[in-house]
Amino acid sequence: MGTRKRYWMMKTEPETFSIDDLARVGTEPWNGVRNYQARNFMRDGMQLGDGVMIYHSNCKVPGIAGLATVASRAYPDPTQFDPQSDYFDPASSRENPRWQLVDVAFERKLRRLIPLEEVKRHADALGEGFPLTARGNRLSVFPVTAAQWKLLLSLE
DNA sequence: GCCAACGTTGGC
DNA sequence: GCCAACGTTGGC
């Protein structure tokens, strides 16, 4: 049966899909994740109702922009089958899909964006290896502990 | 725009 | 199974 709620961070490039876009559509299939570790977190770790922080990357002020919830179990990412999609993967098949996604439901924007620069000031408390503060980490979906979640939200 | 860090690919 | 080459991520 249900395990206790878990927490996650999911990155997005706001020029492609921002927290405002998520607010507008309400729920979004989180397509385009093409990293095995990130996929495995969605497929094996996420549960309905889990908390998600939405992080804006590759933009003028990168940082945590809002909150969302996991709104589905993992299922095959349809864009991998679509030759017209940027996320098309010719090596994947419907019989044996390679990439999975979950639906993500908007909860709220943070009262202000928490810049990465501020998050970094708490690198010690967040712990070694926390992907946002670890050097060179590009992982786009990763777990956040309850303590990290609380600390990050307290910066709002 | 630069470039360091990283993941993936493919030759061997 | 190694590892060099390559493509991508993403902060700055």
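Below, read A as the first sequence line, B as the second, and so on, with proteins coming before strands; counting in each chain starts at 1. Here the structure is a predicted model, which is why all the values come from computation and not from measurement.
- Going from atom CG of A:D86 over to atom P of C:dT9 covers 11 Å, rounded to whole Å.
- The nearest whole Å value for the distance from the CZ atom in A:R138 to the P atom in B:dT8 is 8 Å.
- Minimum interatomic distance between A:I19 and A:G66 (heavy atoms only, all atoms of both residues): CD1-CA, 3.8 Å.
- Along DNA chain B, the nucleotide nearest A:G136 and the nucleotide nearest A:N58 are compared for position; the residue whose nucleotide lies closer to the 5' end is A:N58.
- One finds a salt bridge joining A:R98 and A:D89 here, because a Lys/Arg side-chain nitrogen approaches an Asp/Glu carboxylate oxygen to under 4.0 Å.
- Using a 4.0 Å cut-off, no side-chain N or O of A:Y36 falls inside it from OP1 or OP2 of B:dC6.
- Residue contacts shown for A:K60 are absent, as no nucleic acid heavy atom lies under 4.0 Å away.
- Atom P of nucleotide B:dG7 and atom CG of A:N137 are separated by 7 Å, given to the nearest angstrom.
- Of the candidates B:dT9, C:dG10, C:dC12, the closest approach to any side-chain atom of A:R98 belongs to B:dT9.
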| query | When you look at A:D44 and A:R39, which way does the salt bridge (Lys or Arg N to Asp or Glu O under 4.0 Å) test go after all the steps? | reply | CA-CA 8 Å; A:D44 306 329; A:R39 177 203 66 186; over 6 Å; no
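- Counting to the nearest Å, the C1' atom of B:dC6 and the CD atom of A:Q37 are 11 Å from each other.
- A straight line from CG of A:L139 to C1' of C:dT8 spans 14 Å, rounded to a whole angstrom.
- Ring geometry for A:F130 against A:F142 counts as perpendicular: the plane angle is over 60°, on a 0 to 90° scale with 30° as the lower cut.
- Side chain of A:K120, nearest nucleotide from C:dG10, B:dG7, C:dC12: C:dC12.
- Here the P atom of nucleotide C:dG10 and the CZ atom of A:R34 are 15 Å apart, to the nearest Å.
- In terms of phosphate contacts, A:R135 brings no side-chain nitrogen or oxygen within less than 4.0 Å of OP1 or OP2 of C:dG11.
- The distance between atom CD of A:E15 and atom C1' of C:dT9, rounded to the nearest whole Å, is 15 Å.
- Separating the CG atom of A:D89 from the C1' atom of C:dT8 is a distance of 15 Å, rounded to the nearest angstrom.
- You'll find the side chain of A:Q80 stays beyond 4.5 Å of the side chain of A:Y87, heavy atoms only.
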